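Worth saying up front: this structure is predicted, and the values here are computed from it rather than measured. Below, chain A is the first sequence line, B the second, and so on; all start at residue 1. Reckoned from all heavy atoms, side chains included, excluding hydrogens, waters and symmetry mates.
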Number of protein chains: 2
Amino acid sequence: MRAKAAKKNVTVIDVANAAGVSKSTVSLVLQGSDKVNPATRDKVQAAMAELGYVYNREAASLRGKRSNLVAIVINDLTNPYSAQLAVGLEANIRRMGLFSMLVNSGEDKNTQTELVQSLKEYNVAAFVICPAPGTDANWVNELAGSVPVIHIMREVAGAIVPTVLPDNQGGTLAATRHLIAQGYRRIGFFGGNQSISDYGERLKGFHMALAEASLEAAGIWETAETNRHGGRLAMAALLNDAALLHPNHVPEALVCFTDIVAYGAIEQLRQHGLVPGRDMAIVGFDDLEDSSLMTPALSSIAIDADAVGASVCAVLDAIRKGKELPTLGRLEVALKARGSSPAKQAV
Amino acid sequence: MRAKAAKKNVTVIDVANAAGVSKSTVSLVLQGSDKVNPATRDKVQAAMAELGYVYNREAASLRGKRSNLVAIVINDLTNPYSAQLAVGLEANIRRMGLFSMLVNSGEDKNTQTELVQSLKEYNVAAFVICPAPGTDANWVNELAGSVPVIHIMREVAGAIVPTVLPDNQGGTLAATRHLIAQGYRRIGFFGGNQSISDYGERLKGFHMALAEASLEAAGIWETAETNRHGGRLAMAALLNDAALLHPNHVPEALVCFTDIVAYGAIEQLRQHGLVPGRDMAIVGFDDLEDSSLMTPALSSIAIDADAVGASVCAVLDAIRKGKELPTLGRLEVALKARGSSPAKQAV
DNA sequence: ATGTTGTTTTGGAACGTTCCAATTTGTGTT
DNA sequence: AACACAAATTGGAACGTTCCAAAACAACAT
């Protein structure tokens with residue numbers, strides 16, 4: 001696409017002429033060097049303002065072989081949690097003086113590959129990727145050979161890149177323990193499926209807590225899609241199953257794979273005249289903003305979104321300064337107990 | 001941020017040497033010129049693959065004064081409709097051979113200004129902006145003087161830039177007519193507020209339809225925030241108001257400002273043991289994906305998201321080719337009548 | 001004056017591409 | 001064989017910045 005025809009760009013040389021210094025000096029001012037005389041600095045800055053100078057980052061990046069452009073490749077922007085995560089990341093990255101651009105892979109491996117290929121042409125400084133299902137470890141490792149890569153939220157087996165992960169297992173462990181402490185005994189695991197990397201971890205936490213209390217799982221209902229509609233369908237299946245069971249075997253509490261899945265489940269419950277919290281205790285995972293506002297408020301496992309951003313930034317900073325990378329522990333999660341998982345009423 | 005130290009970049013010159021041609025020829029191949037001999041083209045492409053050449057778009061953009069990078073500045077990515085819109089736009093723009101990057105203003109005018117300033121440094125070819133509330137027309141016009149700007153979804157009074165807008169008034173007109181046709185007489189307008197540019201248009205369509213049928217509005221409930229929680233609060237207010245009214249004056253149908261607001265309203269209704277569709281007919285606006293899947297499915301006004309993308313792309317194409325800009329009519333909207341607005345049952 | 005040190009400033013080369021005008025190569029006609 | 005004309009290829013300059021090594025300037029002690 002052509003630039004506006006007539007208007008010639010104001011360059012560092014124009015500024016230099018206007019300020020009566022050399023272009024090198026202007027460049028130093030631009031970089032905030034401390035070895036330029038404050039008086040000249042002011043003069044130069046005045047000239048820049050006067051001429052309406054716009055820094056040309058492409059030229060700088062070309063010459064300097066450095067870039068402060070970070071690409072965030074997110075898995076699915078239409079998923080509220082991902083959107084929230086992306087927005088948080090963006091803010092964090094911007095705050096550390098880098099600029100971030102966002103692209104959406106839509107959970108599609110091929111789109112992801114194409115996007116990354118294009119972004120490489122823009123000389124991005126680093127990739128922050130929430131990898132699409134089926135991402136190839138070799139591909140990741142090769143990419144990481146030419147530009148820093150950070151994975152978030154999901155693990156790609158065999159990929160040797162810094163990865164920021166929440167404590168999935170600890171989360172469902174806490175959620176399940178909470179339900180047990182509230183007096184529930186017939187607890188099911190609800191939503192998600194094997195194709196998602198963190199499914200196994202969350203399921204494991206669930207089973208651990210049950211084992212501690214010598215309980216059996218009341219059932220496991222997978223969802224084809226990890227979204228609201230998936231939750232609706234799975235709850236329909238659950239209610240269908242339950243109708244065939246002795247009342248003493250119907251699940252009375254659910255640990256949900258995500259809040260979104262829980263939302264769908266709740267809609268379906270209500271559809272059948274059942275009330276979450278009263279007829280079925282529910283705990284979600286992600287602690288979306290809406291979860292604390294709905295009625296009853298949804299109990300959930302909160303992942304500190306700022307901590308994700310902070311970890312990513314710590315890694316970026318280490319890369320930038322050429323320091324050793326910080327070791328990344330699992331991000332802490334916190335149980336938010338709310339109205340959807342009240343203490344069980346004596347019958 | 002430093003590029004990987006050791007690895008020297010493969011350049012167009014390296015490719016030229018490997019293929020035994022000049023760099024100019026390689027450049028022509030890169031641009032897909034038809035005046036290069038197919039045989040040499042293949043030779044060059046083989047060399048590129050061999051060496052793992054990566055195109056350097058910054059250098060190209062610097063020299064050529066052209067860019068195929070389009071910036072999408074979206075108002076609020078955590079809003080599902082905006083997210084959906086952004087994703088659709090991204091896909092459309094990519095399909096026409098441009099590359100788009102997404103940034104989020106979070107409905108904040110100042111953030112928007114900062115983002116645009118930074119993006120200018122990256123020599124973007126065009127801005128597609130869903131303007132934050134309070135965006136200054138002078139600022140827009142000045143920006144548009146140096147780089148093409150397209151506004152979407154919202155109008156900034158006084159800004160003279162191509163603007164892609166849905167037929168807001170026609171949408172609520174259709175929604176309200178539909179409710180009237182279904183037999184409802186006490187119809188209210190629900191959600192949104194004056195600070196949003198399209199509020200007035202949507203409200204006007206509502207009033208027009210009522211006037212056609214010689215009806216009075218059953219009430220107007222604004223929301224401070226145009227999100228789910230806003231919907232919840234407004235419905236609580238409505239139910240509170242209704243409790244004081246004679247049953248013959250309680251609204252029996254609502255035209256909602258957005259689907260999201262309708263979702264909140266429905267949650268609150270259910271909370272009171274009321275059922276949408278049965279106790280209160282509801283029509284939304286935006287036709288989010290979930291709306292057709294929930295129970296009862298939410299009647300809504302669909303804005304053709306692809307049409308937004310198509311219009312934006314038409315403008316981009318005209319700009320790129322230096323042609324006259326296409327005139328932009330209002331985007332068509334379509335009523336999706338579903339279970340939340342059934343024919344009124346005889347009492 | 002002269003030297004010594006430290007602080008500011010500077011011209012030219014370089015980054016990897018595209019553009020332009022000019023050159024080389026190829027094809028067909030006389 | 002010489003010419004005209006089209007097709008294909010090419011070297012050098014340019015885009016706007018940063019880097020580098022060197023130069024200019026200032027401050028102070030001798």
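Proximity of the aromatic rings of Y122(B) and F99(A) is defined here by a centroid distance below 6.0 angstrom, and this criterion is met.
The pair R66(A)-E58(B) does not count as a salt bridge, with every side-chain nitrogen at least 4.0 angstrom from each carboxylate oxygen. Salt-bridge formation is detected for the pair E107(B)/R154(B): a Lys NZ or Arg NE/NH1/NH2 atom is positioned less than 4.0 Å from an Asp or Glu carboxylate oxygen.
When the nucleotides dT9(C), dC19(C), dT9(D) are ranked by their closest atom to the side chain of T40(B), dT9(D) comes out on top.
Applying the 4.0 Å criterion to OP1 and OP2 of dC19(C), one finds that Q31(B) has a side-chain N or O inside that range. In this structure, T25(A) reaches the dT10(C) phosphate: one of its side-chain N or O atoms is under 4.0 Å from OP1 or OP2. A close approach under 4.0 Å does not occur between any side-chain nitrogen or oxygen of S24(B) and OP1 or OP2 of dG11(D). OP1 or OP2 of dT18(C) lies within a sub-4.0 Å distance of a side-chain N or O belonging to Y55(B). Dashed line: the shortest gap from a side-chain N or O of S27(B) to OP1 or OP2 of dT18(C) is under 4.0 Å. A sub-4.0 Å separation between OP1 or OP2 of dT17(C) and a side-chain N or O of Y53(B) is present.
Atom CG in N9(A) sits about 8 Å away from atom P in dT17(D), given to the nearest Å. When the P atom of dG16(C) is taken as reference, atom NZ of K120(A) falls 16 Å away, rounded to whole Å. Across the protein-nucleic acid pair, R66(A) atom CZ and dT18(D) atom P stand 9 Å apart, rounded to whole Å. One interatomic measurement links the two molecules: CZ of R57(A) to P of dT17(D), which rounds to 11 Å at whole-angstrom precision. L62(A) has its CG atom 5 Å from the C1' atom of dG16(C), to the nearest Å. Between the CD1 atom of I13(A) and the C1' atom of dG16(D) there is a distance of 7 Å, given to the nearest Å. Distance N123(B) CG to dG16(D) P: 10 Å, rounded to the nearest Å. Following rounding to the nearest Å, N37(A) (CG) and dA27(D) (P) show an atom-to-atom distance of 10 Å.
Between K35(A) and V10(B), the residue anchored closer to the 5' end of DNA chain C is K35(A), taking for each the nucleotide with the nearest heavy atom.
Over its full length, the helix from dA1(C)-dT30(D) to dT30(C)-dA1(D) turns its helical axis through 60°, comparing axes from the five pairs at each end and rounding to 10°.
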Checking E142(B) against K120(B) for the salt bridge (charged side-chain N to carboxylate O under 4.0 Å, His left out) test, could you report, in this order, the C-alpha distance in whole Å, the side-chain angles of both residues, the deciding distance, and whether it holds? CA-CA 13 Å; E142(B) 190 168 345; K120(B) 277 170 80 175; over 6 Å; no
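For S22(B) against dG11(D), a side-chain-to-base donor-acceptor contact under 3.5 Å is absent. Side-chain to base pairing of R63(B) with dT18(C): one donor and one acceptor N or O lie within less than 3.5 Å of each other.
Note that the CG atom of D304(B) and the CD atom of E332(B) stand 8.5 Å from one another [nearest 0.5 Å]. One distance of note links CD1 of I129(A) with CE of M153(A); it measures 15.0 Å at 0.5 Å rounding.
Using modelled atom types, one finds a donor on one side chain and an acceptor on the other under 3.5 Å when comparing N123(B) with S61(B).
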